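Everything quoted here is computed from the prediction, not taken from an experiment.
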Amino acid sequence: MAPHERKTRLSDLALLGVVLALTALGGCRSQKQRTVNLVGSTSVQPFAELLAQEYQSRHPELNVEVQGGGSTAGIQALENGIAEIGMSSRSLTEAEKAKGLVPIAIARDGLAIVVHPSNGVTGLSRQQIQSIFSGLITNWRQVGGSDMPIRPITREEGSGTREEFIKRVMGKVRVSRGALVQESNGAVKELVRGDPGAIGYMSLGLVGGELKVLAVDGVEPSVEGIAQGKYPLAREFLFVRHGELSSDAQAFVDFVLSDDAQHLLESEGLVRTK
Amino acid sequence: MKISQDRVIGWVLLAVAFSALSSLALITTFIFKEGVPIILKQGVGNFLFSNDWYPGEGKFGILAMIVGSLFVTLGAMFIGAIFGFGCAIVLTQFCPRRLVSIIKPAIELLAGIPSVVYGSIGVVILVPFIRDYLGGPGLSVLAASIVLGIMVLPTVTSISVDALQAVPRAYREGSIALGATQWQTTWMVVLKAARSGLVAAFILGMGRAVGETMAVIMVAGNTLEIPLGLTSPVRTLTSNIALEMGYASGAHRQALFATGVVLFVIIMVLNTIALAVSHSKAAGGRR
């Protein structure tokens, strides 16, 4: 009995030892590898991930971690100290600025109004888009298309993309309760791709080739249109800082604003800041 | 020596058991503390029976979502009950043992598939199908019900199988000895005897359907309108929380916790009924 008992204890001890060793190793690793955390907008996220990848290939000693969650979640994470840099696809509110949050514009993007490729409509005015999303216009015939019900797709409450859309198109008018709600650019894209009657809004940089992008107030949402300030639904992608950045984070931000990185963003469909 | 060891282990296990319990207590206090004040502030009636959900304007009414959860759950249970009970009856009454050993694990395997996978399949296959053949946007009560109906199958089936297997052999033998066919025996004797277990299976499945979130967000459309038909899009209580929690702050966040309180109460009621029913079965058996 006794030797058997001792044996189990020994194996338990060994297991404990292994666990402790692993934990200690984990600790060492995170100490050696310095990390910058980015949290926020799902619209900015794919671009930030790309930039982080590029940066890490040049500076492997720094680990840049990018997480989504949404613009407002990113700003909260920043305030709570969970993230060092927040990402936002909407401009900061006055209240947020008053708390000492500072925006750093990293690129410009258009809010693309997207429809199914088979849709005959090529452009809408902001007034028409507003009426569609508020439920006043319900058939494509009313805006020069074929006889087909319009199915507007909006984003969830609190999304930066939604807030920009509300600010620039809806104003004080409410989005119709009947509008479908999807929780990411990807989900909006997937839905519009399959539904001939759908209309949605999403980040221009993420549209890809499968959807039809409408002109707004007669201006195509092209890189030139946005760069020259003609496209009415242009917006800025922001990094947000709270107080001073650490030298590591500052180095990453400097890289993002550098010519190389801006060029990279341009090749991905965004418009450079200057 | 030995006794003291037993005692130590006893204490440790007790502590572990209580830590699980205390996390339940913690969760309960937390959602009620966060959620109840805003319900009282809005007024219970306004919160439960108004359809105005405009967080930006400080209006929080969750009627559409309560109705939505109700519709989707009923739809799911319609599908889940037909297939789940059907499966259970076949497995326990009419199926060769070899086949049972294949079918039962296969159904239980359904429980292991992540809900995102159910959702994706719903979006890619079911939603376009409904849109093309039944009209509407495709994202609908029907799509959510079908996906959820499949998801509750393992729960409903395995609990019903247990209930049916628990029926004493003598009941069946007696019935068949009296000249009843196998189907008559199943319908009139076995199902009656297992009734309370089947009700418990139904209600536990319902609890699962009410609580499911991810798959529903993906296929339900999440509109704020009260659904008017099977092809209307719908938002459930759980999807409301999951959709907006990431961003919400202040009163909006509290209102989402309040949505959680409503959900909590609904699921508690369902579970209590399930417990009561299965206990009454035990009492009935003794009598």
Can you say whether B:D52 sits under 4.5 Å from chain A via the side chain, the backbone, both, or neither, judging by heavy atoms?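 Both backbone and side chain of B:D52 come within 4.5 Å of chain A.
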Region of B:P128 in contact with chain A, defined by heavy-atom distances below 4.5 Å: neither
Under 6.0 Å between ring centres: does that hold for A:F133 and A:F165?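 Yes, the ring centres sit under 6.0 Å apart.
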So what's closer than 4.5 Å to chain B heavy atoms on [X]: side chain, backbone, both or neither?
{"X": "A:S159", "value": "both"}
{"X": "A:R155", "value": "side chain"}
{"X": "A:A179", "value": "backbone"}
{"X": "A:Q76", "value": "side chain"}

Which atom names give the shortest non-hydrogen contact between B:M218 and B:V123, and what distance separates them?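 Where B:M218 meets B:V123 most closely, the heavy atoms are O-CG2, 3.3 Å.
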Shortest non-hydrogen separation from A:R168 to A:L233 and the atoms involved: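 In terms of heavy atoms, the two residues are closest at CB-CD2, 3.8 Å.
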Carboxylate-amine/guanidinium proximity below 4.0 Å for B:R253 and B:E34: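 Yes, this pair counts.
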I'd like to know if A:R193 pairs up with A:E190 as an ion pair, taking the criterion as any Lys NZ or Arg NE/NH1/NH2 lying under 4.0 Å from an Asp or Glu carboxylate oxygen.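 Yes, charged N to carboxylate O under 4.0 Å.
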Under a 4.5 Å heavy-atom cutoff, which of A:G194, A:G197, A:A73 has the most pairs with chain B?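 The option with the most such pairs is A:G194.
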Do you know which of A:G69, A:P149, A:G74, A:A198 has the most heavy-atom pairs with chain B at a distance under 4.5 angstrom?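 Of A:G69, A:P149, A:G74, A:A198, A:G69 has the most heavy-atom pairs under 4.5 Å with chain B.
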Between B:I217, B:N51, B:V127, which shows the greatest number of heavy-atom pairs under 4.5 Å with chain A?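 Ranked by contacts with chain A, first place is B:N51.
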Relative to chain A, which of B:G56, B:S239, B:P137 shows the most heavy atom pairs under 4.5 Å?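 Winner by heavy-atom pair count: B:P137.
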Looking only at side-chain N and O atoms, does A:D109 offer a donor or acceptor that is under 3.5 Å from a partner on A:S203? yes
Could you tell me how the ring of A:F47 sits relative to the ring of A:F237: parallel (under 30°), tilted (30 to 60°) or perpendicular (over 60°)? tilted
